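Bear in mind that the values here come from a model prediction, so they are computed numbers and not experimental data. Reminder, nothing fancy here: chain letters follow the sequence lines and each chain counts from 1.
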2 protein chains.
Amino acid sequence: MGVIETAIDTIKQMIVDGELRPGQKLPIEKELADQLGIARNTLREAVRALIAMRVLQTRQGDGTYVTSLSPALLLDGMSFVADIHQHAGAGEFLHVRRILEAEATALAAVRIPDEHLVVLGGLLEEAERLAAEPEIDHGKLVALDQDFHALITSHCGNAVLAAVIANMSGRTVRARIWRGMTDPQAVQRTLGEHRAVYLALLARDPDRARIHAAMHVLGVEESLTQASGRLGTTAPPLPS
Amino acid sequence: MGVIETAIDTIKQMIVDGELRPGQKLPIEKELADQLGIARNTLREAVRALIAMRVLQTRQGDGTYVTSLSPALLLDGMSFVADIHQHAGAGEFLHVRRILEAEATALAAVRIPDEHLVVLGGLLEEAERLAAEPEIDHGKLVALDQDFHALITSHCGNAVLAAVIANMSGRTVRARIWRGMTDPQAVQRTLGEHRAVYLALLARDPDRARIHAAMHVLGVEESLTQASGRLGTTAPPLPS
DNA sequence: CAATCCATATTCATCGGATCAATTGGAGTC
DNA sequence: GACTCCAATTGATCCGATGAATATGGATTG
């Protein structure tokens, strides 16, 4: 095994062993390099790898620190995975998100505090106000959409679950979905699904919440699969 | 933004834009550094970060290559997240795994080919043979357990789903679970759950498969939560 | 001609040192 | 006591050199 990989594992092990705790400052580069018996440049490459994993964080002129190591932070690096596969794999990511978000929304139905339900209602109203304007600001809609889902899933009682969901649809994909909604009716339908989830949460009904959440993500999935000419409100009658 | 982060983003963008394709070789360090207008050491730190993300891969004496970028590979880095939180967060990771594995097993019930069902049966029999011996080899049981679950979830028809599940219980956690099974009855119960899942797959029954898979992971969760004195077969009668 | 072996070139890995830039903390000032 | 300013600290970036692993192409061998 190379010197750098050894250094990475050594530092990781120091964290697992509790020798380095979250928020703690590491020795200065020169000192730590000497301690590990490697050159400063080599240590820096090891540190750079751990930065990419969100395990370490550096501040120029100050020092290198261990991050909070929270699951949400460590899993955050996944979001770029979804972005790289924006073309082919978007459907698969959304499928996972559908499974998890349905469950998380059900869990949140009996856990989210009343005051956060009020905030949720506020987000909904703001989104509906935005959608009613002649020139729709898709950027703001994306942000509100993200806040809406994040607020719900953050109250599922499982930080790992919330973090995985948050990263299952990368920012690029999410933005693309909303940008693709040139049809005002598609925007309205999406907001309607949001409201349905919101009402289920208000009713503290996990089953309703689960179904509406699944339906919402499924709608997004299907709007992606049927690349063009989605059915929507003007669907032809199905053969019976 | 720092020079290194800029370089990381530039290379990532080259991949997203298709300028760099999976398996392709990057220019040699000196050349790429000149092209980006940075020093070689600086480029190496950027490359090191992308290696940590499983986006790039270097071979000494040969060159630097773009990996396959498959979701399974890119999501692989998650497993270490589960390992860092082996004590506190294990329950939360297992909860996510339960949600996903139940669904994946249901999906696999109608997708896994007959010949792989045969392999699955073989894995089961081998595990049962191992468990019957006086001195149980926990290492082999862990490996068989991993193969059993991986073979099923790999046939759910969604590579992302399979990859996330695979990484939701880190190797450390999985090994610890089996090592904790000092009680032979616990091993028998676990293998019994595996057999129940296997029979549901044989019957091509998604609902049965889903329930048995969820039950299996839930059993593991509960055996962790109730750190000592788990109920099991000698449970006291419940109050009615 | 095909296969093998080997010298050499190529390329990443590692090292040591130097300079730049940002932050911090204390000296000095009002 | 609050503010300013400077010097020490520390990471960021650059440069050049050497070591180690691999690939390549030519020579050798059957």
Practice task
Would you name the heavy atoms of B:Ala163 and B:Asn167 that are closest together and state the gap between them?
Solution key: O-ND2, 2.8 Å
Please enumerate all protein N or O atoms sitting under 3.5 Å from an N or O of nucleotides 21-25 of chain D, with distances to 0.1 Å.
residue, atom, partner, partner atom, Å
D:dA21, O4', B:Gln60, NE2, 3.4
D:dT22, O4', B:Gln60, O, 3.3

Exercise for the section: Kindly indicate, with the supporting measurements, whether the criterion side-chain hydrogen bond (donor to acceptor under 3.5 Å, both in side chains) is fulfilled by B:His149 and B:Glu101. Expected result: CA-CA 9 Å; B:His149 288 287; B:Glu101 189 147 346; 2.4 Å; yes
Practice task
Within residues 39-56 of chain A, find the residues that approach DNA chain D with a heavy atom at under 4.0 Å, and present them sorted by residue number.
Solution key: A:Arg40, A:Asn41, A:Arg44
Distance-only donor-acceptor hits, side chain of residues 53-60 of chain A, under 3.5 Å, sequence neighbours excluded:
residue, atom, partner, partner atom, Å
A:Arg54, NH2, A:Asp76, OD2, 3.0
A:Arg59, NE, A:Asp62, OD2, 3.2
A:Arg59, NH2, A:Asp62, OD2, 2.3

Problem - First and last nucleotide of DNA chain C, 5' to 3', lying under 4.0 Å from heavy atoms of chain A - result: C:dT14 to C:dT23
Practice task
Look up atom CG in B:Leu20 and atom NZ in B:Lys12, then write down how far apart they are to the nearest 0.5 Å.
Solution key: 14.0 Å
Problem - Exercise: do A:Asp9 and A:Gln13 side chains pair donor with acceptor under 3.5 Å - result: no
Handout entry: Point-to-point distance, once rounded to the nearest 0.5 Å, from CD1 of A:Ile51 to CD1 of B:Ile4
Key = 8.0 Å
Problem - N/O donor-acceptor pair under 3.5 Å between A:Ser154 side chain and A:Ala150 backbone - result: yes
Problem - Donor-acceptor pair, side chain of B:Gln146 and main chain of B:Ala143, under 3.5 angstrom - result: no
Exercise for the section: Under 4.0 Å from any atom of DNA chain D, heavy atoms only: list the residues of residues 4-13 of chain B that qualify, in numerical order. Expected result: B:Ile4
Completion exercise
Here the gap from A:Arg97 atom CZ to A:His216 atom NE2, rounded to the nearest 0.5 Å, amounts to 6.0 Å
Handout entry: Validation row: B:Leu123, B:Tyr198 side chains within 4.5 angstrom (heavy atoms)
Key = no
Fill in the blank from the handout: Distance col, row A:Asp147:CG vs A:Lys140:NZ, nearest 0.5 angstrom, shows 13.0 Å
Practice task
Inspect the surroundings of CD in A:Glu115 and state if more than 12 heavy atoms from other residues, nucleotides or ligands are less than 6.0 Å away.
Solution key: yes
Problem - Contact summary for B:Pro22 and B:Ser68, nearest pair of heavy atoms - result: CB-O, 3.8 Å
Exercise for the section: Mind listing the closest non-hydrogen atom pair of B:Arg21 and B:Val66 along with its distance? Expected result: O-CB, 3.5 Å
Handout entry: Where B:Leu151 and B:His116 come nearest, the two heavy atoms and their spacing
Key = CD2-O, 3.8 Å
Handout entry: Residues in contact with DNA chain D, drawn from residues 25-38 of chain A - heavy-atom cutoff 4.0 Å
Key = A:Ile28, A:Glu29
